[in-house]
Amino acid sequence: MAARNATRTLYQLKAVLVGVSPPLWRRVLVSSKMKLGTLHAVLQVAFGWNDCHLHQFEAGGKVWGSREMEQYDELPMGDEDKVTIGQVLRGVGGSLLYTYDFGDDWRHKLTLERVIPDPAVVFPDASCLTGKRGSPQEDSGGPWGYGDLVAILKDPSHEEYSERREWAGEDFDPERFDLIGINSVLKTIKV
């Protein structure tokens, strides 16, 4: 396994949640041979999602998703398990849009920041290098609803504070970024 890992090309991607302010993002390192379906799993972990909604990838006028998406979408869609990140992102600066939960419309813009050919250091198939801010709550209403939630939780005198705190949970902290926790799960993901 170490020999295979030592000869692959790694992609450093920055994934930014579109419409969230202040910015909420993750920087991940993945193999260029990783399928988009596996990248979906990486993003779920990196952003703390629970994988309970549909998703899709878009780039260059093409769309990819899971087989279950085919029944919901009338547009032609490629199978995310048959295309690699390297086939979609061909150079530094290239980008890809990942949408999760079409109701809340969480859009993640993924930009290829760096290509690392034949790394001398052996890396896991996916790792998170850094990030900013904690993971949003599932079903919090997308960027707008999440922004409202965060604002209300900063103001204990707000009339909806108690209700929203109970819904979000006492341990929810929109600023807490758990790099160690994210990477402990990512190390189980294989290309």
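What you see below is based on every heavy atom in this structure, not just the backbone, and it leaves out hydrogens, waters and symmetry mates. Sequential numbering from 1 along the given sequence is applied to the chain's residues.
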S.K.: Got Leu13 and Leu39 here, is their nearest side-chain heavy-atom distance under 4.5 Å?
M.R.: yes
S.K.: Quick one: are Lys132 and Pro23 in side-chain contact, heavy atoms under 4.5 Å?
M.R.: no
S.K.: I'd like to check Ser32 versus Ile85 (side-chain heavy atoms, cut-off strictly below 4.5 Å). Are they in contact?
M.R.: no
S.K.: I'd like to know if the side chain of Tyr11 reaches the main chain of Leu89, judged simply by a donor and an acceptor atom lying under 3.5 Å from each other, with no hydrogens or angles considered.
M.R.: yes
S.K.: Please determine whether side chain to side chain contact (heavy atoms under 4.5 Å, CB included) holds for the pair Tyr100 and Leu43, giving the CA-CA distance in whole Å, both sets of side-chain angles, and the decisive distance to 0.1 Å.
M.R.: CA-CA 10 Å; Tyr100 171 67; Leu43 295 170; over 6 Å; no
S.K.: Parallel, tilted or perpendicular, judged at 30° and 60°: which one describes the rings of His40 and Tyr98?
M.R.: tilted
S.K.: Tell me if a side-chain donor or acceptor on Glu160 pairs with a main-chain N or O of Ile152 at a distance below 3.5 Å.
M.R.: no
S.K.: Would you call the rings of Phe57 and His55 parallel, tilted or perpendicular, taking 30° and 60° as the class edges?
M.R.: perpendicular
S.K.: So do the side chains of Pro174 and Leu153 get within less than 4.5 Å of each other, counting heavy atoms only?
M.R.: no
S.K.: Do Trp106 and Trp49 come within less than 4.5 Å of each other through their side chains, counting heavy atoms only?
M.R.: yes
S.K.: Establish, yes or no, whether a centroid distance under 6.0 Å links the rings of His53 and Phe102.
M.R.: no
S.K.: Has Arg176 got more than 12 heavy atoms of other residues, nucleotides or ligands less than 6.0 Å from its CZ?
M.R.: yes
S.K.: Within the 4.5 Å heavy-atom criterion, are Val42 and Met34 side-chain neighbours or not?
M.R.: yes
S.K.: Flag the pair Leu24 / Arg26 as yes when at least one side-chain heavy-atom distance between them is below 4.5 Å, and no otherwise.
M.R.: yes
S.K.: Does any non-hydrogen side-chain atom of Arg133 lie less than 4.5 Å from one of Val150?
M.R.: yes
S.K.: For Arg165 and Phe172, indicate whether the former's side chain and the latter's backbone hold a donor-acceptor pair under 3.5 Å.
M.R.: yes
S.K.: Could you report the tightest heavy-atom contact between Val20 and Pro143, atom names first, then the distance?
M.R.: CG2-CB, 4.0 Å
